[in-house]
Amino acid sequence: MIIYEALGPSAGSSRVVVASGKYRMTWWDYADPRPVDQPMASALLLRGTALDQVGLFDEQFPIFFNDVDLCRRLLERGLGGLV
């Protein structure tokens, strides 16, 4: 199925990713916390002291990617997160 999806008429669609398990990360043990570079912004839980060090969302970014920038700044200061 993956080969057909990759070579067939739907090449480049998200179905290839879903079929390979990458989208849902079926290989991930969700009971095991581990470090991540950038969690979804809807799931961020931060200490106030961390925000004091790096600042809030950068309003120069469009509505998307301001969370990516915030996580980058946290990682640069060694304040990375766990999921």
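In this text, all values refer to a predicted model and were calculated from it rather than measured experimentally.
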Item to check | Minimum heavy-atom distance between Gln53 and Leu79, given as atom pair plus value | outcome: OE1-CD1, 3.6 Å
Next on the checklist: So Glu76 and Val54, do their side chains get closer than 4.5 Å, heavy atoms only?
Outcome noted: no
Next on the checklist: Applying side-chain contact (heavy atoms from CB on, under 4.5 Å), can you list everything that pairs with Leu51, at least two apart in sequence or on another chain?
Outcome noted: Leu46, Leu56, Leu70
Checklist entry - Hey, is CZ on Phe57 packed in by over 12 heavy atoms from elsewhere, all under 6.0 Å? => result yes
Item to check | Pairs flagged by salt bridge (charged side-chain N to carboxylate O under 4.0 Å, His left out) wherever residues 51-70 is involved - sequence neighbours left out | outcome: Asp69-Arg72, Asp69-Arg73
